[in-house]
Amino acid sequence: MSEISKAYEPQTVEDKWYQFWLDEKCFVADATSSKPAYSIVIPPPNVTGMLHMGHVLNNTIQDILSRKARMDGKEVLWLPGTDHAGIATQMMVEKQIKKEEKKSRHDLGREEFLKRVWAWKEKHGDIIINQLKKLGCSCDWTRERFTMDPEYSRCVQKVFVELYKKGLIYRGKRMVNWCPVSQTALSDEEVEMKPQKGFMYHFRVEAVESDGSPVKSANARPLTVTSHEPSAPQSPNAGTVSPSPGGVATAAMAGEGELSSRSADSKSAPEIDSAGRIWLTIATTRPETIPGDTAVAVNPKDPRYAHLIGKYIVRPLPAELPPEQKLIPIIGDEHVDFEFGTGVLKVTPAHDKADFDIGARHKLPLIEVINADGSMNPLAGGPLSGLDRFKARKVAVEILKEQGVLVEEKPYENNVGFSQRADVPIEPRLSEQWFLKYPAVEQSKACVHHDQDSERVPMADARVSAESLGSSGDAPFSKGSLAPARAAGVSDKMRFHPQRWAKVYDHWLTNIQDWCISRQLWWGHRIPVWTKSVLKSEAKKALPETLWSAFENAKDRDTNNHTAYIFVPLAQKSDEKSFVRMDWTISSDKIEITAATEFPSEAVILEEFGFTQDPDVLDTWFSSWLWPFATMGWPEQTETLKKFYPTTDLVTGPDIIFFWVARMIMAGYEFMGDAKFALPDAMPFRNVYFTGIIRDKQGRKMSKTLGNSPDPLVLISQYGADALRFGTMRSAPLGQDVLFDEKDVELGRNFCNKLWNACRFRQMQGSAGASPASEDAPSEQFEIQGEIVRTLLTPDDKWILLKLDLAIREVTIALNEYKFSEATSALYRFFWNEYCDWYVEASKAVFFSSSRGNEAPSEKSEIDQSLLTSAATAQKANSLAVMDFVLSHTIRLFHPFLPFITEELWHGMGYSTDMPAGQGGKTIMNAPWPLPLTDDETGEWGLDDCYLEMTDTKYELVRNGRDLRRAGNIQAAKKVKYVFKPAQHLTPHDAEVIKLLLNAEALEVNETFQPPKGTPSVQSPMGELFLPLEGLIDVAAEKIRLAKEVEKIQTEITKVEQKLANPNFTTKVPPAVLQEHEQRLADWKTKLAHAQAALDALG
RNA sequence: GCGCGGUUAGCUCAGUGGUAGAGCAUUACCUUGACACGGUAGGGGUCGCAGGUUCGAACCCUGCACCGCGCACCA
């Protein structure tokens, strides 16, 4: 800090120190270290992503935790990496290729397309990593991982095969969430329900017999209108209302006309027309799926319809089919809610999840009418075929209108599942996919802590240990933070912060369905399954001998559709342990064989045998869920795993609690429970901190389309990374969403500048002796070596040392409880409001008055000049020593939050030179985290708490004295003289401090001062302060001020008096509280007396 | 429908039973020797509503309202 600039300039400082940390390998974790471990795995950002505010929040927190842990003496591993993000990345590259070459991925072919994605990854993969570096993240970059690294892919395959062998992974033709844009299946978690405005269409169909002849209404009895369920609207005509004439109703569709009132009736019962024919009205939001209907269902308990079960209806679409091909049964199914709609449900087993289940129960045929891309296929009928599903909906409605069967069309809002990625409605679609039955569910449920009061007991790994807090921990620590240090080797449960997420997690785990893990994409881990299908008749010839004999010897081999397992030694391998497990399915003429293997060599052999690999890839989360251990060398027993697994903290957003957190926990129990790892626990982390979601200042989510997402790098270049970090942390309370405002970053920058200038001020006061004096420093060489001398400590010194002690406690506790905004606020308050506003200002009394020792007034001339000078010098040096003590602690407290500026100051202020190389001598990163003052220190320096109160009283007097100025309408610049009438002895130091803080020209201390009538004054336990204005006083203004004050005091007195007059209060309240109230009353009364006297004096 | 948050100054939020707080914004004054990215002083609040518990409630309990989120959803 030789040429110290007036304002802090972060840009050069940040780059310089980041490079230094990298060069010095400060972030590299040593798995062989004897220090206790602390570890975090980064939630891997998308490899081609860009840093956004969510990353800033998330990674700043991780960096704070990591840096704090290093200062606590832990061996820290913060393991970074990126995620291949299947759909997102593939879509991005496809879009690019489309734009630049007007080609689809299919034009390029799989191999070429994957080349392009890899090229894209190589080109853009470092961007986000470099952005994290800009932010100051102290990740161990030597261990950076990517979810498609060869070793990582190996883990994914191994896990797949293991689960497959356990029978937890299976293939099945099921209803899945299909995204017609990405053209892939999705998991339930990737579907987002959104309210959608549409229409509810009611159309009617005739109930017929199996031969197509009308069901006679006579047969229909015992239906009577009055036997309806209570909720059904009663209508005397309902049973006999006339059917609408053919070709009815296009104009009145909006719902107000005759038609709609009749349709209300139609809800209550089937209509019976004059010819005695029975009509059912069906409600649907998706008329385009009518061609796929294979039944209509009613509730068997519904008296309106139950008698029709077993009859048929004629499906209106496709219109061109002959009626006999459109006959579908009326079935009874409990699923139908007869209070909803008309109580008649059209069943489309191929295009609706619930309908599929109904179809399965009733063995209904499936008619698929929608293609993978969301268009209709020929089975939907001529007019619909080829149309997009939404267009087809409109056309289907037109056809129903033409047929005269549409009875109502009313606006309707319902929830529709959307593909999270592509933002289009998903299509429930039947397809063959791979599914996973989640493993270790029960363990995963049991492992999370649920106690209500656990928020106060933060660290299961005893991150807060007795020694890390110092032995003198009393008041603030006794709240419980020191509490249960976990007994060594005993696993505790995992903790969520804030805890309420445990309930959400639990609920999800209780209700999970199997996970659809296959994706019809190309970018991702290809499913390690190979299949081969041979004609039964040619099996012997077509199969390798080993396989054929295994097949031939298998029991039940002729059973149709029978699945069994055979283990086949691979012919080319002599190693007997080398088996690939194969499943086979035999149908009437074919044998289908399936094999899964994680080994590339076996895959090659399988291919030689004519097996082909499943074309699908795995869900991206199927690789992410292995992140905590696959990045550490699993399945080998690496040093890293032994040292750093389970990780200490996970920091992530609650939006991926199901996608990622829950699944990682299950994977941890499933794959890390193996005794060979000799781990204390299989759980992947001990604490999960859920950040809030970053929103803009209007509370909206940040999104590209809204354009409300600021670019963190722009903010960093404008304000500095420290400023961004500090501002974000200050406004990010535990568990709350963060409303981001650039003002917060500005605040951070201002704070850094304040810190910078406070150090600059210290620097300008010269050397305290520890570091050599620079050329232009005062000529005196201080003797005291920067040590604090008790006898020279002023009350202000003691006050700031005590405040520092409190700040250390407060910040440490806040960090241990993951309360980052609390820690930041405490530091801000301490440094700005206590250190800068009061201590630094008060210290000027020492610096400036001692330097004026040479100009001592004449009455002191007898005192030896040199003695005076040296006393003043010693006093000054002592204050500098206190400043250094406070600053060197403060800078360390700030380091996790503001890594760059603190490193710069640490060196610039020379604090690094006092430390051993490994403990701050080289970098502040390894400097010890400040401990609360020890009993030795407080005893040595005489830091009694009474100095807090004493000095607060002094500062309060100053505040009131300043107020007199304003009350007297005196400009801030105008130098004024105050008179102080002390109640007891006032030290010259305190007099000087008061004078300086009042910005007074002079402070006359006069024990016998007789103020002229009307002199404004303030009262304090220290004495009375006057601002004599010699007739310049604005009497009216002063009267108003005093009157106001009297009023205020009286209000307070009344409040306290009322309390004290209540016998209930005086008898029931704890003595301390009672005493406090009595004291308060006395204080107010004194104040009142003075204010009243002053007011009276004005006449 | 079920569950979870929230409601305190103009804005964003702290505040777990004992004198209502911070930052920003705002008003007035000040470029004094670290800092105008600064200083000093001020104005501004029936703590969502209604009950209850208590000597005492922003805080604990009950109910309600409104805002947000999650889960489940019936055409």
Side-chain angles (χ1 to χ4, degrees), chain A residues 4 6-8 193 200-202 282-286 289 296-297 335-348 352 354-355 412 414-415 498 500-501 503-504 507-508 511 654-655 657-658 693 695 697-699 719 723 727 730-731 733 735-741 743-744 746-765 819 821-822 825 828-829 833 836-837 840-841 844 847-848 959 962-967 969-975 997-999 1051-1052 1055-1056 1059 1062-1070 1072-1074 1076-1077 1080 1084:
Chain A
I4 190 158
K6 201 169 165 185
Y8 173 57
M193 300 305 276
M200 177 73 89
Y201 305 95
H202 288 221
I282 302 174
T284 182
T285 53
R286 300 201 62 188
T289 63
V296 296
H335 168 79
V336 180
D337 176 354
F338 46 75
E339 291 182 19
F340 189 88
T342 58
V344 185
L345 171 68
K346 73 192 240 343
V347 183
T348 325
D352 183 282
D355 289 4
Y412 184 74
N414 65 338
N415 280 333
R500 62 190 152 85
W501 292 110
K503 207 168 175 178
V504 177
H507 182 253
W508 182 78
N511 297 298
D655 48 335
I657 188 167
F658 312 137
I693 292 170
R695 299 168 179 282
K697 58 182 167 186
Q698 285 140 47
Y719 299 101
R730 202 171 175 285
S731 55
Q736 297 282 78
D737 283 357
V738 184
L739 270 58
F740 177 82
D741 188 342
K743 282 274 176 201
D744 293 327
E746 205 177 308
L747 174 95
R749 180 207 45 188
N750 295 352
F751 185 81
C752 289
N753 194 52
K754 190 79 176 173
L755 182 60
W756 181 258
N757 274 292
C759 289
R760 190 163 157 250
F761 173 79
R762 158 66 191 88
Q763 204 73 334
M764 288 165 96
Q765 303 316 313
K819 292 176 178 167
S821 64
E822 231 167 76
S825 306
Y828 183 98
R829 189 214 63 232
N833 303 134
C836 293
D837 289 351
V840 170
E841 293 307 318
K844 289 175 182 173
F847 297 132
F848 300 151
R959 243 191 301 264
R962 285 166 175 169
D963 191 24
L964 289 179
R965 229 180 229 281
R966 175 187 154 85
N969 276 329
I970 298 161
Q971 301 228 317
K974 182 163 179 178
K975 287 281 181 184
L997 293 177
L998 284 170
N999 193 23
T1051 313
E1052 294 299 332
K1055 271 204 262 181
V1056 185
K1059 273 191 166 183
N1062 184 348
N1064 275 326
F1065 179 79
T1066 47
T1067 52
K1068 291 187 183 173
V1069 112
V1073 174
L1074 186 61
E1076 189 264 326
H1077 276 76
R1080 201 192 301 165
W1084 282 124

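In the text below, chain A, chain B and the rest are named by the order of the sequence lines, each starting its count at 1.
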RNA chain B: 5'-proximal contact among A:Pro1070 and A:Phe658 (nearest heavy atom) |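 Checking each residue's closest nucleotide, the 5'-ward one belongs to A:Pro1070.
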
Of A:Asp963 and A:His507, whose closest RNA chain B nucleotide lies nearer the 5' terminus?
->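 The residue closer to the strand's 5' end, by nearest nucleotide, is A:Asp963.
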
Which nucleotide in the list [options] gets nearest to the side chain of [X]?
| X | options | answer |
| --- | --- | --- |
| A:Lys1059 | B:A75, B:G18, B:G23 | B:G18 |
| A:Asp837 | B:G39, B:A34, B:G70 | B:G39 |
| A:Arg500 | B:U19, B:C4, B:C55 | B:C4 |
| A:Arg730 | B:G18, B:C24, B:G23 | B:G23 |

How is [X] classified with respect to the nucleic acid when contacts are heavy atoms under 4.0 Å: base, sugar-phosphate, or nothing?
| X | result |
| --- | --- |
| A:Arg959 | sugar-phosphate |
| A:Asp744 | nothing |
| A:Arg1080 | base |
| A:Asn1062 | sugar-phosphate |
| A:Asp352 | nothing |
| A:Ser825 | nothing |
| A:Val1056 | nothing |
| A:Val840 | base |
| A:Trp508 | nothing |
| A:Leu345 | base |

Could you measure between the two [atom1] atoms, the one in [N] and the one in [M], and give it in whole Å?
| N | M | atom1 | value |
| --- | --- | --- | --- |
| B:C13 | B:G48 | P | 15 Å |
| B:A58 | B:U16 | C1' | 11 Å |
| B:A41 | B:C4 | P | 46 Å |
| B:U32 | B:G10 | P | 35 Å |
| B:G21 | B:A28 | C1' | 23 Å |

Holding to side chain to side chain donor-acceptor pair (under 3.5 Å), I want the full list of residues that pass it with [X], two or more places apart in sequence or in another chain.
| X | answer |
| --- | --- |
| A:Arg286 | A:Glu288, A:Glu427 |
| A:Thr289 | A:Lys346 |
| A:His507 | A:Asn511 |

Can you find a side chain N or O atom of [X] that sits less than 4.0 Å from OP1 or OP2 on [N]?
| X | N | value |
| --- | --- | --- |
| A:Tyr412 | B:A75 | yes |
| A:Lys1068 | B:C55 | yes |
| A:Lys743 | B:A25 | yes |
| A:Asn999 | B:G39 | no |

Distances for protein N/O vs nucleotides 35-37 of chain B N/O pairs under 3.5 angstrom?
from	atom 1	to	atom 2	distance (Å)
B:C35	O4'	A:Asn757	OD1	3.1
B:C35	O4'	A:Asn757	ND2	3.4
B:C35	O2'	A:Asn753	ND2	3.0
B:C35	O2	A:Lys754	NZ	3.0
B:C35	N3	A:Lys754	NZ	2.9
B:C37	O4'	A:Arg749	NH2	3.4
B:C37	O4'	A:Asn750	OD1	2.8
B:C37	O2'	A:Asn753	ND2	2.9
B:C37	O2	A:Arg749	O	3.4

A:Phe1065 and A:Val1073 have their tightest heavy-atom pair at CZ-CG1, 4.5 Å

Any residue meeting salt bridge (charged side-chain N to carboxylate O under 4.0 Å, His left out) with A:Arg959, in chain and number order, not counting sequence neighbours = A:Glu956

Partners meeting salt bridge (charged side-chain N to carboxylate O under 4.0 Å, His left out) with A:Glu841 (sequence neighbours left out) | A:Lys844

